[in-house]
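One structure is given here, and the rest of the page talks about it.
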Amino acid sequence: MCKASRTGVEGVTTMSSDVDFGRARKARRVPLHRTVRRLIRDPMAGLQSIAQEADGEIVRLQLGWFRPYLVTHPDHVQRILRDEATNYVRQGMFWSPLSRLFGQGILSDGPPWESSRRNLQPLFTAKRVDALMARMAAVAHEAVDDLARHVRSGEPVDVATEMSRVVNRTIIRVFFADRIPPAEADQIIPALYDIATSMVVRMALPWAPQRLPLPGDRAFHRGVGTIDDVLLPVIRDVRRHPDGGDDVIATLCAATGPDGAELTERQVRDDVVTMFITATETTSLTLTWLWPILRAHPDVARRLYDEIDSVLGDDRVRHTHVPRLHYVRAVLDELLRLYPVGWIFPRTALAADVLGDTRIEAGATLLISPFLTHRMAEFWPDPQRFDPERFVAGGAPHRYAYFPFGGGPHQCLGRHVFQVEAQLIVASVLSRIRPVPSSAGVPALKVAATLLPEERVRMAFEPVASRRAA
Ligand code: HEM
């Protein structure tokens, strides 16, 4: 019998269930020499080949005395993320490096997470995001103006930096009431890159105690310091002079914690930092992948351009265009299938359980990965091929064969924000500038906390020949 407590959060079913341990078997082990050899040579390809061989079966990776389960089948992912979510928590050694950045708020678990979720959820309902769409469209248009001016010289630009600028500006205006000066927000862009790449060593050695210095620690701390230097003064100012605003910072400064008391500066900081990073980094990284993909798939690019031309005409992007940008949406959905930026997230089992027919012991670490599940041939024919048609034709065959935004009680709060904002930005960019065709391919994947390209993506853009008003 597996028992875990009910969280009281809407949408979470009772977590008490009968589990038949009698028929359960142990997971097949992938021995150390096979795991390590493949992971050292090319970690992303190594993980993919282990997952392909497992073919949906749960396997146990032997990495010294750290032996996480690798879970890929959608039925098992559903049990972890949704059906038994209170038994599979965001705790344990994999989460501790992250908690140095995000603290104990919306990305934690249990009562602190519940309290943060209660405070933040009202800001991100589909209804509220829809009400903000007109403003988002206007800001995206302005931000893309700057980009269009910038690329006019025909010189290649660093795509990640440009996408971050456009996304930061949009998010800061719409969800942070312009409280963060753009030049200071730009300082956060390289800090986030340093953080995502410097965490790899800790992710690979999750059992290493925090007090043991590891390569990457200094860059990580420097990155966190930069973010705090930008955001803490803003938070302090709003706490000193509350103005009744309804943006993320004002909402958190007026909110209460799990004990019903006003939040401490640390609690506000943890959720402001988390919201800023999750709202900006995920979207700009996804949009960074878009351009090399379009360059490599001229047929997809042509169809995308045709749709944008026909929906926008000579107009600038507006929120009313969004419901008609069907192919833009399908391209973004497919982009998140092959490049889900939150590509792996671990859970710790509180109580023993049986997943499918595999026994999981209490305290075990489980790795779930949209990146791997999204490339399973059983659910996605010819899975490595970029083909937005899959989403035009109906999308995922199983709810958890496609989960770039997670699922269950921890499902991404910003899913709807991403979908609206990304459609607006893509339509706005492509109505004014387009990537210059070239034979360069799609970059390889870099191992990092998020799904980064191996090398910086530099691309040239050219103005759309004609007519559009800036
Ligand atoms: C491409 C865009 C995005 C992707 C792929 C993405 C992915 C995810 C995933 C996979 C999770 C679940 C993590 C887990 O279960 O442990 C998550 C949670 C979350 N996301 Fe996103 N996200 C995106 C955009 C955004 C945006 C734009 C925002 C804010 C406006 C946001 C805010 C959050 C928050 C606050 C959580 C934590 C929710 C909770 O645990 O209650 N995300 N996201």
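Atoms within a ligand are numbered from 1 in the order they appear, just like the ligands themselves. Quick caveat: nothing in here was measured; it's all calculated off a predicted structure. All residue numbers refer to positions in the sequence shown, counting from 1.
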Arg347 versus ligand 1: do any nitrogen or oxygen atoms come within less than 3.5 Å of each other? yes

Any donor-acceptor pair under 3.5 Å from Thr288 side chain to Ser284 backbone: yes

Which distance, rounded to the nearest 0.5 Å, do you find between the CD1 of Ile50 and the CG of Leu70? 7.5 Å

Residues Asp130 and His319: side-chain donor-acceptor under 3.5 angstrom: no

Any cation-pi pair here, Arg434 with Tyr305, using under 6.0 Å and within 45°? yes

Would you say Arg117 has any N or O atom under 3.5 Å from an N or O of ligand 1, going by distance alone? yes

Geometry only, no angles: is Gln411 polar-contacting ligand 1 at N/O separations under 3.5 Å? no

Can you tell me if Trp113 contacts ligand 1 (heavy atom of the residue under 4.0 Å from the ligand)? yes

Contact between Pro404 and ligand 1, counting heavy atoms under 4.0 Å? yes

Atom 1 (C) of ligand 1 sits nearest the protein heavy atom Thr286 OG1, 3.3 Å

For residues Phe403 and His374, establish whether the separation of their ring centroids is below 6.0 Å. yes

Should Leu350 and Gln91 count as side-chain neighbours, where that means a heavy-atom distance under 4.5 Å? yes

Taking all heavy atoms of Trp113 and all of Pro409, pick out the closest pair and write down the distance. CZ2-O, 3.3 Å

To the nearest 0.1 Å, how far is atom 6 (C) of ligand 1 from its closest protein heavy atom, and which atom is that? Phe405 CD2, 3.7 Å

Look at the aromatic rings of Phe379 and His73 and report parallel, tilted or perpendicular, splitting at 30° and 60°. perpendicular

Hey, can you tell me if Phe276 and Phe176 have their rings parallel, tilted or perpendicular (30° and 60° cut-offs)? perpendicular

Within the 4.0 Å heavy-atom cut-off, what Phe124 brings close to ligand 1 is side chain

Are Thr161 and Arg165 linked by a side-chain donor-acceptor pair shorter than 3.5 Å? no

Please list the nearest protein heavy atom to atom 42 (N) of ligand 1 with its residue and the distance rounded to 0.1 Å. Cys412 SG, 2.9 Å

For atom 12 (C) of ligand 1, what is the closest protein heavy atom, and at what distance to 0.1 Å? His410 O, 3.7 Å

Can you sort out which atoms of ligand 1 are near Leu107, meaning under 4.0 Å from one of its heavy atoms? 37 (C)

Can you tell me which residue and heavy atom of the protein come closest to atom 32 (C) of ligand 1, and the distance to 0.1 Å? Thr278 OG1, 3.4 Å

Protein residue, atom and distance nearest to atom 28 (C) of ligand 1, heavy-atom basis: Gly414 CA, 3.3 Å

So the atoms of ligand 1 within less than 4.0 Å of a heavy atom of Met275 turn out to be 29 (C), 35 (C)

Starting from atom 13 (C) of ligand 1, which protein heavy atom do you reach first, and at what distance in Å? Arg90 NH1, 3.9 Å

Hey, does Glu421 sit under 4.0 Å from ligand 1 if you only count heavy atoms? no

Pick whichever of Thr282, Leu413, Leu451 has a heavy atom sitting closest to atom 36 (C) of ligand 1. Leu413

Under a 4.0 angstrom heavy-atom cut-off, which atoms of ligand 1 come close to Val341? 5 (C)

Give the contacting part of Phe345 toward ligand 1: side chain, backbone, both or neither, where contact means a heavy-atom distance below 4.0 Å. side chain

Numbered atoms of ligand 1 (with element) below 4.0 Å of Gly406, judged on heavy atoms: 10 (C)

Is the NZ or CZ atom of Arg390 both under 6.0 Å from the centre of the six-membered ring of Tyr402 and within 45° of that ring's axis? no

Do His221 and Arg100 get their side chains close enough for a donor-acceptor pair, meaning under 3.5 Å? yes

